[in-house]
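Comments concern the structure below.
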Amino acid sequence: MEENFLSLDDILLSHERLPIRTEITFPRLGFLEKSSDTQDIAEGTKMELPLWLSKALYERKRRVLSVELPKVYREGWRTVFNADPNVVDLHKMGPYYYSLGSQMLHFDSPENPDIAQTLLQTFIGRFRRTMDSSQNAYNEDTSALVERLDCLEKGLFRSGQSGLNGFQSWEKGQATQLTASSLVLNYRKRKITDIQS
Amino acid sequence: MFCEKAIELIRELQRMSDGQLPAFNEDGLRQVLQEMEALYEQNQSDVNEAKSEGRAELIPSIKLRHCCLLRNQRCVTAYLYDRLLRIRALRWEYGSVLPPNIRFHMCAEELQWFGQYKKSLASFMRSLGGEEGLDITQDMKPPKSLYIEVRCLKDHGEFEIDDGTVILLKKNSQHFLPRWKCEQLIRQGVLEHVVS
């Protein structure tokens with residue numbers, strides 16, 4: 001699955017750091033590796049690199065670096081997800097659980113089929129609850145419902161809520177009422193809090 | 001690690017996810033471009049060394065710096081593009097005259113872009129609907145009547161309607177006005193549509 005070049009979300013998710021091991025030397029870049037004082041990054045160094053760099057440097061045929069799976073995608077956590085996906089706090093487990101997981105498949109780990117399967121099953125297991133709550137929480141504080149969702153699920157929840165609110169306002173006959181633009185309302189809200197503080 | 005400044009630009013936009021436009025971060029942009037220049041120059045010198053002295057082991061580092069250059073380019077492009085999308089939305093949300101506090105957040109090139117977008121939109125609208133053109137930024141919600149009841153939320157001074165009468169828009173006054181005249185003022189938060 002390819003990243004969207006201009007998507008702010010994709011850029012932020014590819015900023016996540018991964019534990020890697022270099023398989024060749026990178027001369028003159030020793031300053032990137034905080035733990036040692038060498039001029040070069042030696043072969044076999046364990047360090048962390050962001051996903052975007054790991055992806056760009058990784059080559060299937062040659063050994064440039066090897067990427068370790070983050071904890072959430074390893075067997076231990078996969079068993080937990082497979083047992084009951086609804087219990088997990090996906091916001092804490094790195095807010096981009098699904099997207100980052102899909103990107104991890106890029107590194108040809110032998111566990112890829114299992115990872116892919118767990119990602120899919122977790123999503124399927126949690127989707128029903130997300131959809132239900134988004135369609136039934138009207139005019140209330142939804143922070144408790146949303147706090148354990150990952151970013152993808154939050155987006156779905158928001159769509160569900162906007163659909164629900166649109167329908168309710170139509171039922172009340174408010175669909176034809178002209179309103180101030182949301183930018184204006186937000187600006188006014190911020191001005192009031194500025195004056196109060 | 002390289003490209004930290006670039007990701008800060010992205011985070012700045014991500015923080016204001018409701019379409020608001022933060023101030024143009026000229027400083028941040030300049031820092032990213034400076035980092036790109038430094039990376040490029042180092043790569044130039046390493047490439048020359050690799051070629052002239054046959055030092056192929058420098059190539060992985062050259063590739064790494066190149067990836068950083070591409071990453072910075074991606075972040076800068078996404079930053080500028082996302083801002084343009086927000087600025088374009090302003091024309092539809094707010095109208096063709098932007099309030100000074102928003103204009104203040106735009107750089108000169110963005111203001112220029114906004115002016116050109118307005119012109120394109122205006123000439124497109126003129127080309128529709130026969131001789132008079134069609135204002136497609138009106139009637140964003142299906143209209144139910146020609147005239148609507150509005151209440152004034154703040155003092156806006158005098159307001160002239162098509163038949164020449166002048167209305168004084170004072171705070172809390174209520175008026176019965178043609179819909180097409182009020183739509184923009186309602187969107188800007190000056191008037192409030194009263195539905196009985």
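Below, each value reflects all heavy atoms present in this structure, side chains not excepted, and no hydrogens, waters or symmetry copies.
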Connected via hydrophobic side-chain network under 4.5 Å: [X] and [Y]:
X	Y	answer
A:Tyr97	A:Leu51	yes
A:Phe123	A:Leu145	no
B:Ile10	B:Tyr81	no
A:Tyr98	A:Phe157	no
B:Phe124	B:Phe114	yes

Could you tell me which portion of [X] (side chain, backbone, both or neither) has an atom closer than 4.5 angstrom to a non-hydrogen atom of chain B?
X	answer
A:Asp10	both
A:Thr25	backbone
A:Arg17	side chain
A:Leu8	both
A:Leu49	side chain

Could you tell me whether [X] atom [atom1] has more than 12 heavy atoms of other residues or ligands within 6.0 Å of it?
X	atom1	value
B:His175	NE2	yes
B:Phe104	CZ	no
A:Glu171	CD	yes
A:Asp37	CG	no
A:Trp170	CH2	no
B:Arg88	CZ	no
B:Gln174	CD	yes
A:Lys92	NZ	no

Please look at [X] and chain A and tell me whether the side chain, the backbone, both or neither of the residue comes under 4.5 angstrom of a heavy atom of that chain.
X	result
B:Ile148	side chain
B:Cys182	neither
B:Gln188	backbone
B:Glu4	side chain

Mind listing the closest non-hydrogen atom pair of [X] and [Y] along with its distance?
X	Y	answer
A:Phe5	B:Arg74	O-NE, 2.8 Å
B:Cys67	A:Ala56	SG-CB, 3.4 Å
A:Phe31	B:Phe2	CZ-CZ, 3.6 Å

Is any side-chain heavy atom of [X] closer than 4.5 Å to a side-chain heavy atom of [Y]?
X	Y	result
B:Lys63	A:Val64	no
A:Leu6	B:Asp82	no
A:Ile11	B:Arg71	yes
B:Glu183	A:Leu178	yes

Residue selection (most heavy-atom pairs with chain A, distance under 4.5 Å) from [options]:
options	answer
B:Cys75, B:Pro143, B:Cys68, B:Ala89	B:Cys68
B:Leu70, B:Leu21, B:Asp46	B:Asp46
B:Gln42, B:Gln14, B:Glu192	B:Gln14
B:Leu64, B:Val195, B:Leu153, B:Leu90	B:Leu64

task = Please answer whether the main-chain N or O of B:Pro142 pairs with a side-chain N or O of A:Thr176 as donor and acceptor at a distance below 3.5 Å.
result = no

query = Sub-3.5 Å donor-acceptor pair from the side chain of A:Gln177 to the main-chain atoms of B:His193, do we have one?
reply = yes

note = Value for CG (A:Asp40) from CG (B:Leu58), rounded to nearest 0.5 Å, stands at 9.0 Å

